[in-house]
Asker: 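Sending over a structure as structure tokens; questions will come in a sec.
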Amino acid sequence: MVEENKVVPISGYVIKVASRCNLNCSYCYEYNMGDSSWKKMPKYMEEEVFSKTLHRIKSHCDAHQFDNISISLHGGEPLLIGHERLASYLALADEILGSYRLTLGIQSNGLLLDEAYLALLRKYGVSLGISLDGVPKDNDVFRFYHNGKGSGEEVASKLRMLQGSPLFGGILSVINVAADPVQTWRYLASFDPPVVDFLLPHAHWDNTLTEEQQHRVASHGDWLIAIFDDWYGGYRQDIRIRFFEEIIYRVFGHPGSLESLGLEEVSLVTVGVNGDYEQVDTMKSVFPGAHTMSLSVHQHSLDEVLKHQNVMARQAGISGVSDTCKKCSLVSICGGGYYPHRYSEKNGFNNPSVYCTALTNLITHIQGRIKRDLEKKSNA
């Protein structure tokens, strides 16, 4: 039972406009972690569904008297919808939500990017984030076409189209602990992204049972520490590394915005291609159907979404983490870890993150570096 907590209106939206992808990444929660619901989805979100979604968002903003909205168009691969359909979606967003403080972005593998897409992004002020896991040989271990061909070299050529552009939203990179961390970071930095987001691969307690798997999971902390030391030590500090920034905010007692850290209420919801609300689409990595709420934009308001037990669980703050986490001095920083990474069949989500050791090592390392620097300044 979730304890009552302050309800925070939903201001962040992941709208899935395509249910298919031109890549077949082996770690993908959408296609390769057991959930096959994508097979029953329309290939593309219909314009009527997109419009209905935007009107639901507008009504929610008006009811709660706020106007700061963030929308990410997602997939599958969102650029599969084509230029004409994207132009229609962006025109609708401008028409329905143009008077609000709207931040609109697209998260893509980048392979279909061309000048026509760039012109649309410029016209409507839309940022484009690209997914890339490192140098081609490392990226291609997991990110490849359906025929097995790697994607790294082609993505690199598309990133060069964005280099220096205000449209460049940043790089999303799933950690590969077999790759050299500093080489990975410096390669990504060579494209001059404004921000790099390093993501922990999706895992939970029931699929990391062996000693070897546990060791591999824990090693993600050391991998990130190597990058932190290079970045914090002065290499390309003009590029934001969001995971580190968010930890630093919380070390100093400030709130953050990354849903995978901290105890702040999560104000994010996903809308599927058919208009179904999903609590967070990465829940598909836990077990088939874990993301569903049996609510949709066709019949239900976003206030009804807020009252759903799964959404309430992610707005529960300290009361929503495990008893182990409640006793931990780092809980205000890590927040118990990312919600899908806490799962076990035995305890549900009443566990610390499967990455607890990695997060503990990383956070304590960052705390130590900051403490030593502050001591040096006070003694200078």
Side-chain angles (χ1 to χ4, degrees), residues 1-16 29 35 37 53 56-66 68-72 74 202 204-205 246 250 255-272 274-328 331-354 356:
M1 189 74 179
V2 178
E3 296 175 21
E4 285 192 9
N5 201 58
K6 180 178 70 174
V7 175
V8 174
I10 299 166
S11 58
Y13 301 87
V14 174
I15 302 179
K16 290 182 164 289
Y29 63 84
D35 190 286
S37 56
T53 301
R56 290 290 189 190
I57 294 171
K58 183 179 185 300
S59 296
H60 191 64
C61 290
D62 293 344
H64 293 273
Q65 298 183 323
F66 72 99
N68 195 8
I69 311 163
S70 174
I71 294 176
S72 176
H74 214 277
H202 292 304
H204 53 75
W205 291 102
E246 294 273 339
R250 292 174 172 90
S257 59
L258 196 64
E259 67 164 326
S260 54
L261 290 169
L263 294 170
E264 295 83 7
E265 297 84 358
V266 177
S267 59
L268 176 73
V269 73
T270 299
V271 181
N274 62 351
D276 283 352
Y277 294 115
E278 302 172 1
Q279 53 172 318
V280 59
D281 57 343
T282 53
M283 288 289 285
K284 295 172 185 176
S285 67
V286 177
F287 56 83
H291 62 293
T292 60
M293 293 193 288
S294 300
L295 302 172
S296 81
V297 299
H298 303 289
Q299 290 91 26
H300 304 95
S301 71
L302 284 157
D303 274 0
E304 290 174 275
V305 173
L306 276 179
K307 295 173 185 176
H308 193 279
Q309 61 180 2
N310 293 340
V311 174
M312 292 173 67
R314 296 172 69 232
Q315 290 210 354
I318 188 67
S319 66
V321 302
S322 70
D323 290 340
T324 301
C325 294
K326 288 186 177 96
K327 300 171 187 174
C328 179
V331 68
S332 63
I333 301 173
C334 81
Y338 192 35
Y339 197 68
H341 298 168
R342 305 178 196 174
Y343 179 78
S344 72
E345 186 176 0
K346 180 180 178 181
N347 298 324
F349 296 95
N350 188 27
N351 302 292
S353 167
V354 73
C356 180

Asker: Please say whether more than 12 non-hydrogen atoms of neighbouring residues, nucleotides or ligands are located less than 6.0 Å from CD in Gln299.
Answerer: yes
Asker: Over 60° means perpendicular and under 30° means parallel, so classify the ring planes of His60 and Phe66, tilted if in between.
Answerer: perpendicular
Asker: Of all heavy-atom pairs between Ser322 and Pro352, which one has the smallest distance, and what is that distance?
Answerer: OG-N, 3.6 Å
Asker: For a quick test of reading the model, state the closest non-hydrogen atom pair linking Ser344 to Trp205 and the distance between them.
Answerer: CB-CB, 3.9 Å
Asker: May I ask you to check whether His204 and Asn351 show a side-chain donor-acceptor distance below 3.5 Å?
Answerer: no
Asker: Mind checking salt bridge (charged side-chain N to carboxylate O under 4.0 Å, His left out) for Asp281 and listing every partner two or more places apart, or none if nothing turns up?
Answerer: Lys16
Asker: Might you point out which heavy atoms bring Gly335 and Leu263 nearest each other, and give the distance in Å?
Answerer: CA-CD2, 3.8 Å
Asker: To the nearest 0.5 Å, what is the distance between OG1 on Thr292 and CG on Asp276?
Answerer: 8.5 Å
Asker: Rounded to the nearest 0.5 Å, how far does CD of Glu259 lie from CD of Glu246?
Answerer: 11.0 Å
Asker: State which residues pass side-chain hydrogen bond (donor to acceptor under 3.5 Å, both in side chains) with Lys58; sequence neighbours excluded, sorted by chain then number.
Answerer: Asp62
Asker: Taking the basic N atoms (NZ, or NE/NH1/NH2) and the acidic carboxylate oxygens, is any pair closer than 4.0 Å for Arg250 and Glu264?
Answerer: yes
Asker: Apply side chain to side chain contact (heavy atoms under 4.5 Å, CB included) to Val8 and Ser267, showing your working.
Answerer: CA-CA 6 Å; Val8 174; Ser267 59; 3.9 Å; yes
Asker: Name the one of Val280, Leu302, Leu306 that satisfies side chain to side chain contact (heavy atoms under 4.5 Å, CB included) with Val269?
Answerer: Leu302
Asker: Distance check, rounded to the nearest 0.5 Å: Ile71 atom CD1 versus Thr53 atom OG1?
Answerer: 9.0 Å
Asker: For Val271 and Tyr277, run side chain to side chain contact (heavy atoms under 4.5 Å, CB included): C-alpha distance rounded to whole Å, both residues' side-chain angles, the deciding distance at 0.1 Å, then the answer.
Answerer: CA-CA 5 Å; Val271 181; Tyr277 294 115; 4.1 Å; yes
Asker: Which atom pair, heavy atoms only, marks the closest approach of Asp35 to Pro288?
Answerer: OD2-CA, 3.3 Å
Asker: Indicate yes or no for a side-chain donor-acceptor contact from Gln279 to the backbone of Gln309 under 3.5 Å, with no hydrogens or angles considered.
Answerer: no
Asker: Quick one, Tyr343 with Met283, criterion side chain to side chain contact (heavy atoms under 4.5 Å, CB included). Give me CA distance, side-chain angles, the key distance, then yes/no.
Answerer: CA-CA 10 Å; Tyr343 179 78; Met283 288 289 285; over 6 Å; no
Asker: State, to 0.1 Å, how close Val321 and Lys326 come at their nearest heavy-atom pair, and which atoms those are.
Answerer: O-NZ, 3.0 Å
Asker: Specify the closest pair of heavy atoms between Thr282 and His202, including all atoms of both residues, with the distance to one decimal.
Answerer: CG2-NE2, 3.5 Å
Asker: How far does CG of Leu261 sit from OG of Ser332, to the nearest 0.5 angstrom?
Answerer: 11.0 Å
Asker: For the atom pair NE2 (His341) and OG (Ser260), what is the distance rounded to the nearest 0.5 Å?
Answerer: 8.0 Å
Asker: Sorted by first residue and then second, give each ring pair (Phe, Tyr, Trp, His ring centres under 6.0 Å) pair with at least one member in residues 294-327; sequence neighbours left out.
Answerer: none
Asker: Measure the CD1-OG distance between Ile57 and Ser70 for me, rounded to the nearest 0.5 Å.
Answerer: 10.0 Å
Asker: Do the rings of Phe349 and Tyr339 sit parallel, tilted or perpendicular, given the 30° and 60° boundaries?
Answerer: parallel
Asker: Taking it one step at a time, do His291 and Ser37 satisfy side chain to side chain contact (heavy atoms under 4.5 Å, CB included)?
Answerer: CA-CA 10 Å; His291 62 293; Ser37 56; 3.7 Å; yes
Asker: Do the side chains of Tyr13 and Leu268 get nearer than 4.5 Å, heavy atoms only?
Answerer: no
